[in-house]
Amino acid sequence: MNLISRFKCYCIPLSVSFPLSLLGISFQRSSFYSGAATEWSTGQSTSFSNQIDVVNEFTTYCYQRDLPKAMKALNSMQKHKLWADAITYAELIKCCIAHSAIKQGKIVHQHVFSNGYEPKTFLINTLLNMYVKFHLLDEAQVLFDQMPERNVVSWTTLIAAYSNAELKEKALEMLIMMLRDGVKPNMYTYSSVLRACNGLSNLTQLHCCIFKFGLESDVFVRSALVDIYAKWGELQAALHIFNEMVTGDLVVWNSIIGGFAQNSDGDEALNLYIRMKRSGFKADQSTLTSVLRACTSLALLELGRQVHVHVIKFDRDLVLDNALLDMYCKCGSLEDANCTFNQMFEKDVISWSTMIIGFAQNGYSQKALDLFKVMRTSGTQPNYITVLGVLFACSHAGLVEDGKYYFESMKKLFGIDPGREHYGCMVDLLGRAGKLEEATKLIHEMKCEPDAVTWRTLLGACRVHRNMDLAEYAAKQILNLDPHDAGTFILLSNIYAKSQRWEDVANLRRSMTDGGVKKEPGCSWIEINKQIHAFILGDKSHPKINAIHEELNQIIGRLKEEGYVPDTNFVLQDLEGEQMENSLLYHSEKLAIVFGMMSLPKGKTVRIRKNLRICGDCHVFAKLLAKMENRSIVIRDPIRYHHFQDGACSCGDYW
DNA sequence: CTAGGGTTAG
């Protein structure tokens, strides 16, 4: 039996209202209820005016947000079996929420159901909301189940709670129950439940309902639609809904900019940011976070620095600081990153992980491991990604023993089960160290299924250590899982060519053509004077391409005098023999480096981002050139960074 | 009384 039915029969609420002036309190409205009619008629000590005082006092404290005094007054009302009106209780409950006063909140809950009092739906909704804000969803659900009647707010409160708690199935289930119950969802309901979509078919259905109920014009519903389409990678759909909006506001700008930034379309994110500024909106912390993320993905250090200037205008914001930190790490400026990290007023697991990974990717593995030790004493618990960063640091510095130690003890030390990516790091660690058999064994021992990335890691190691048989095996595994991987196709066909297996080569080339597999051309980007210059292998559209080629040829000539020999001798090179040296010459990073040298002031670091991993020849080229020109060169490839200085690279030739 | 945006890996 629930609370309501248990007390129902006793209660005859009595409502008394009186002029505000009588109370001498200007801001409140009050009426009070008493379930104790029989008691004062039989001469109990509490007089009518005393009762007014008790409720009056309670009301005053509630509106003054004085929680301790209000709770004391509540206690006295409870004794006298008196009740205030629902709005006053709502004030008190707001106050409990603000103070995270769970105990007091539960007392209010008990009180409003005591002695047969029947709170209105409005008041129970307030209590529902309170439990939701306290993250006590089970309590909220119990209360919800006990409600004699539930309106759209009751349903929406719970649906939103499940959506926010990532209990998507539950949220969707509740929506269906709501519809079955004959309660019509409103814009609040839909803007909440959209986040609970499990996929596009779900989303399409909800979108149809929204359209049918005529709610698609609501700003909140629309921005929720924009957001969820973007989160599911349907950026064009998101943009379409966004562009149709008449009133947009800042939040929806942030949604759409964030959507592109998170889907690694930094370019479009920045375009939208410019559009937003032109429309007269001022960026806030959320906007800047997304803009920084766009800079990060495009490696736009100079633009990132400009954003930093705007960041310091705002109050400190952990998420924003983390994005700033990551921007400096990913743009290869460790000095700035370190500075940002040290100045942060608050650090969470993301800040630590970002910095650790930043050190590791930039070739400072020892610093990464040292920082991890500091983190362990700081009281912040490492997570899945932190450990990944630590293992990455070990694998890229050849620290086999450290890596094995952390991998084997991660469950015991940090309570984290090794996932596919952790295994991947270990395969990398063992593979690079030449322990190819051990690496293969580890893949077969994995608790989760290896994916194409895992096998590609092994293939990379085979390439370095020139193990053709294992490379063939790994390549076949990759093509099973990812039949469109052009790089692997070409690699495999070169393995066959090397062993004169021409029939296999022909078969492979045929299945490539049939499958429509195309190799992504190598591309490098450089930021100069707020402009991004892109260089693509074989593309001659850059206005200064002729001058660049001329300069490159001269540089190569000078480097050859210093002993540079173009390295066409990679056993598993991904190009056909006769094209090799010529193609190497025009690798996009060489063009970008030369253009950077020609355009940037003397001594300024040349920073390049590229879409493919750097090849051995370009690596040697950059090392020698950095020394000859006495200039730092930083190249970011999809996995890590190369800081070239004085004829050496921060990766220690181990990438 | 119920609703929307941002950070770490690959």
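We name chains A, B, ... by the order of the sequence lines, and we start the count at 1 in each one.
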Hey, does [X] reach any base, or is it just sugar-phosphate, or nothing, if we go heavy atoms under 4.0 Å?
| X | result |
| --- | --- |
| K347(A) | nothing |
| I357(A) | sugar-phosphate |
| Q361(A) | sugar-phosphate |
| F392(A) | sugar-phosphate |
| R222(A) | nothing |
| R293(A) | sugar-phosphate |
| D321(A) | nothing |
| V226(A) | nothing |
| S223(A) | base |
| D317(A) | base |

What pairs of residues pass the ring-ring contact (aromatic ring centres under 6.0 Å, His included) test when at least one of them lies in residues 212-241 of chain A, not counting sequence neighbours?
-> H207(A)-Y229(A)
Would you mind telling me which of [options] lies closest to the side-chain atoms of [X]?
| X | options | result |
| --- | --- | --- |
| E421(A) | dA9(B), dG6(B), dG4(B) | dA9(B) |
| V153(A) | dT7(B), dC1(B), dA9(B) | dC1(B) |
| N186(A) | dT2(B), dG4(B), dC1(B) | dT2(B) |
| Q285(A) | dT2(B), dG6(B), dA3(B) | dG6(B) |
| K231(A) | dT2(B), dG6(B), dG4(B) | dG6(B) |
| S353(A) | dG4(B), dG6(B), dT8(B) | dT8(B) |
| V251(A) | dT2(B), dA9(B), dG4(B) | dG4(B) |
| I639(A) | dG10(B), dT7(B), dG6(B) | dG10(B) |

Can you say whether a donor on the side chain of [X] sits under 3.5 Å from an acceptor on the base of [N], or the other way round?
| X | N | result |
| --- | --- | --- |
| D284(A) | dG6(B) | no |
| N125(A) | dC1(B) | yes |
| S192(A) | dA3(B) | no |
| N322(A) | dG6(B) | no |
| T157(A) | dT2(B) | no |

Does any non-hydrogen side-chain atom of F58(A) lie less than 4.5 Å from one of L92(A)?
-> yes
Residue of the set D451(A), D485(A), D428(A) for which salt bridge (charged side-chain N to carboxylate O under 4.0 Å, His left out) holds with R456(A) = D485(A)
For atom [atom1] of [X] and atom [atom2] of [N], their distance in whole Å:
| X | N | atom1 | atom2 | value |
| --- | --- | --- | --- | --- |
| Y131(A) | dC1(B) | OH | P | 18 Å |
| M410(A) | dA9(B) | CE | C1' | 12 Å |
| R640(A) | dG10(B) | CZ | P | 11 Å |
| I210(A) | dA3(B) | CD1 | C1' | 12 Å |
| L215(A) | dT2(B) | CG | P | 19 Å |
| M276(A) | dG6(B) | CE | C1' | 13 Å |
| F341(A) | dT7(B) | CZ | C1' | 14 Å |
| R636(A) | dA9(B) | CZ | P | 10 Å |

Side-chain N,O (K94(A)) to OP1/OP2 (dC1(B)) below 4.0 Å = yes
Under 3.5 Å: donor-acceptor pair, side chain of R609(A), backbone of R636(A) = no
Without swapping roles, check the side chain of N362(A) against the backbone of G358(A) for a donor-acceptor pair under 3.5 Å.
-> yes
May I have the step-by-step check of side-chain contact (heavy atoms from CB on, under 4.5 Å) for T386(A) and T380(A), ending in yes or no?
-> CA-CA 11 Å; T386(A) 324; T380(A) 307; over 6 Å; no
Would you please indicate yes or no on a ring centroid separation below 6.0 angstrom for Y384(A) and H422(A)?
-> yes
